[in-house]
Amino acid sequence: MNLLLQNWLRSTGQVLLVSVFLAGSIAQAEEAPKSDFVFGAVAQKKKDAAEKAKDQETAEATTDVAEAQSEKKTIARTQNESVVHVTKDLSLNSKELPLNPEDFRSLDAKQIGVIRHILKLSRQQRGNFDGMGSDWTDIHEPPVQYQFSMGGYALGLAQYHYTPAYPDIYREAMDSYIQKLLHPLVWDAWYLISMGGKVVNPDQEALFVPSFDPVTDDNIMYSGHLLQLAALYEMLYRDEKYAQSGAFTFDFLTESWGDGPIVYKHDLHDLAKIIHGLFKEGNYKGIACERNLVFVPCNQHPILGLMHYDAVYGTEYAKDVIPKFKKQWDERQYQNPESSSLMLVLLKQQEQVLYADESWVDSWAGMYMNAWDSEYIQSLYPAQRDLHFDYAIGNKVKTESLMMWEDRIGLTSLLAYTVEMGDTETSNALFEHLETNFSPIWEEDTGRYYYPRNDDPTKDENGISHMMPTMGANAFIPQAYLNIKDGIKTLYNSPWPADHWSQPYITGVDDLTTSVTQAVFVEEKGALLVTLAQGPVAAKKVAFKVVNLDPDKIYAIWKGNELVKKISMSEESMNGEYSVDAQDNLVIETILSKSKPSSFVIAEVDH
């Protein structure tokens with residue numbers, strides 16, 4: 001962003017429903033190009049792949065025949081039939097299926113592929129930015145910080161809207177991304193940025209004394225994301241991990257210069273208080289990214305972070321900030337009065353607003369601002385879309401742009417914006433444009449679906465640039481694939497209650513063989529739906545656990561539309577496909593059919 005002022009100076013002088021979908025080797029993936037990349041424990045399992053293939057084909061054939069025959073049977077069973085491990089008679093009755101999988105959102109194959117891609121990135125060792133690199137030499141802050149944070153937001157959307165009763169992979173990956181944000185290579189550039197200079201403030205006479213601590217002053221393009229992702233994590237999982245003293249530890253390790261290592265310790269409470277204080281100290285105009293530069297998109301993240309922090313801890317930081325920030329917004333015209341576009345930047349010391357009418361500004365800000373000023377954003381959106389669409393797909397070419405961000409993320413941020421706005425006609429057109437012109441990759445071995453990096457901005461004969469920075473591929477595109485209409489708005493205005501995970505949910509899923517497309521608890525029904533399909537690593541059987549079922553209750557289990565078992569949670573047994581372990585968890589094992597997913601419903605019954 002630090003070329004901005006140079007250009008400016010030149011120019012101016014959620015019954016229990018769980019659907020588990022084992023995706024990966026789906027039709028699309030079968031035709032995907034192979035990759036040498038090995039995901040997680042694939043390396044160990046691939047050695048057995050050839051031997052398993054033959055067994056798998058036999059198992060699938062047996063399963064398919066059994067399923068076909070079962071469709072011709074009635075659901076009613078004889079009075080003498082009982083669950084294998086239960087001594088009391090739990091005869092099956094032709095009870096109606098409590099839930100229809102088609103009534104609930106389900107992650108499709110590409111969405112599962114996108115999630116697998118995010119998982120791969122999250123499981124890399126700290127400091128390994130493979131697949132996340134950039135040639136953005138004109139900005140100091142590493143683009144990986146946006147990929148870590150926005151990749152985490154994408155996972156939060158999938159967790160909240162599709163799989164609210166299946167935490168495992170989402171919790172793990174979001175936690176990993178927060179830890180990666182704490183790596184010095186992500187934040188230590190602030191030492192240089194904090195000195196400012198005429199490139200960001202033409203009236204600055206001398207460089208400021210550098211600041212080591214990356215969260216106590218300005219730098220909201222980093223601290224705002226750390227707050228939002230950590231508060232989102234805490235809202236979802238309530239484990240207090242980042243509320244512990246020193247949870248955010250910044251080690252500035254200098255061995256070749258300076259006076260030695262410097263360590264700063266903060267936690268989620270500190271961070272929320274600091275950021276609220278920075279809003280207040282700046283008279284609610286917004287918090288600067290680089291010195292003197294206030295960007296509208298970057299100020300969305302601390303506001304959303306404060307919203308979730310307030311929801312979890314009962315504070316009123318966001319309630320204080322939002323109306324006062326919006327008042328400054330209106331008075332200082334953060335929206336271009338001659339268009340629907342939002343300001344590019346506020347120069348704090350000069351009290352000057354610069355406009356650029358750029359897609360990345362409107363889209364990045366709008367998709368998040370929809371959470372706290374939806375009516376306003378929806379009033380702007382149609383004109384913003386019409387202003388930016390043709391440029392985004394190459395039908396028009398901008399002759400001037402104050403920053404190169406427009407060429408890099410104008411398209412992908414607009415796509416994410418259209419999804420949040422529920423504009424399916426435009427989002428479908430943009431998805432088609434992406435898939436046609438940016439060569440997305442299916443990895444057969446891993447089940448990943450992603451867009452490869454391309455740094456070449458050259459336009460083809462149709463005027464289309466195929467440049468795909470990793471920030472677009474790993475930050476905005478995942479949010480577009482995993483969001484729904486008003487998905488961000490709902491996530492921040494209807495947070496989960498503190499006892500969310502006291503409800504039944506599933507765990508123990510092998511994510512190499514199994515992908516979860518739905519996991520939703522519906523309290524009014526008291527039932528569980530699980531849909532399974534094969535993942536990128538074949539397995540004879542797959543299994544998962546259902547926890548938090550009442551140990552004194554009886555549960556009915558449906559497979560597809562057929563009532564197949566009743567099980568007493570009070571009698572431990574580890575025999576058969578449906579069993580109860582020593583911890584009173586229901587364990588379900590099944591053979592998967594390659595041709596179609598397998599569905600289960602588990603519901604509490606009277607007898």
Side-chain angles (χ1 to χ4, degrees), residues 110 114 143 146-147 150-151 153-154 157 295-298 300-301 335-336 339-344 355-371 373-374 376-438 440 450-451 454 457 459 462-489:
K110 287 181 180 177
V114 169
Y146 303 113
Q147 296 172 61
M150 292 187 182
Y153 307 154
L157 288 166
F295 289 89
V296 165
C298 294
Q300 304 310 310
H301 303 289
Q335 176 193 336
N336 189 339
S339 74
S340 62
S341 195
L342 306 180
M343 76 169 184
L344 176 64
Y355 303 112
D357 291 356
E358 298 206 338
S359 175
W360 74 272
V361 174
D362 294 343
S363 301
W364 187 340
M367 63 186 286
Y368 295 110
M369 193 170 174
N370 189 49
D373 200 353
S374 182
Y376 172 69
I377 288 299
Q378 291 187 32
S379 72
L380 299 180
Y381 170 73
Q384 291 177 338
R385 173 201 57 206
D386 295 344
L387 175 64
H388 302 308
F389 180 81
D390 284 337
Y391 294 110
I393 64 174
N395 286 348
K396 292 182 180 180
V397 178
K398 280 200 170 187
T399 57
E400 293 183 4
S401 179
L402 287 178
M403 301 178 68
M404 298 219 24
W405 289 57
E406 183 73 352
D407 293 333
R408 291 164 172 159
I409 59 172
L411 168 61
T412 53
S413 59
L414 180 60
L415 171 62
Y417 189 21
T418 65
V419 175
E420 174 68 17
M421 291 293 101
D423 183 357
T424 55
E425 180 179 356
T426 304
S427 62
N428 286 343
L430 293 175
F431 274 123
E432 181 179 0
H433 178 76
L434 275 175
E435 294 176 358
T436 300
N437 295 290
F438 293 87
Y450 67 99
Y451 287 78
N454 184 351
K459 291 180 171 58
N462 297 316
I464 297 173
S465 168
H466 303 273
M467 181 169 61
M468 177 56 68
T470 52
M471 184 172 169
N474 299 328
F476 286 105
I477 287 178
Q479 291 180 98
Y481 273 94
L482 299 177
N483 198 11
I484 62 172
K485 178 182 179 181
D486 287 330
I488 296 173
K489 176 183 177 181

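Residue indices begin at 1 and follow the sequence shown.
Side chains of Thr436 and Glu432: no donor on one and acceptor on the other come within 3.5 Å. Between Tyr381 and Asn370, the side chains place no donor N or O within less than 3.5 Å of an acceptor N or O (distance only, hydrogens not considered). No hydrogens or angles considered: a donor-acceptor pair under 3.5 Å links the side chains of Tyr368 and Gln479. Glu406 and Tyr391 share no donor-acceptor pair across their side chains, judged by distance under 3.5 Å alone.
Ring planes of Phe295 and Trp360: tilted class, angle from 30 to 60°.
Side-chain contact between Tyr146 and His301 is absent, with no heavy-atom pair separated by less than 4.5 Å. Counting only heavy atoms from C-beta outward, the side chains of Tyr376 and Met369 approach each other to under 4.5 Å. Using a 4.5 Å cut-off on side-chain heavy atoms (C-beta onward), Leu157 and Glu420 make no contact. The shortest distance between side-chain heavy atoms of Leu380 and Leu342 falls below 4.5 Å. Residues Ile477 and Val114 have side chains not in contact (no heavy-atom distance under 4.5 Å, counting atoms from C-beta outward). The side-chain heavy atoms of Phe476 and Tyr417, taken from C-beta on, include no pair separated by under 4.5 Å. The closest side-chain heavy-atom distance from Ile464 to His433 is below 4.5 Å. The shortest distance between side-chain heavy atoms of Tyr153 and Asn483 does not fall below 4.5 Å.
Atom CE of Met367 is separated from atom CG of Asp362 by 13.0 Å, given to the nearest 0.5 angstrom. The distance from the OH atom of Tyr451 to the CD atom of Glu435 is 4.0 Å, given to the nearest 0.5 Å. A distance of 11.0 Å separates CG of Leu344 from CG of Asn336, quoted to the nearest 0.5 Å.
Here the side chain of Ser427 pairs no donor or acceptor atom with the backbone of Thr418 at under 3.5 angstrom.
When all heavy atoms of Gly472 and Pro478 are compared, the closest pair comes out as O-CD, 4.3 Å.
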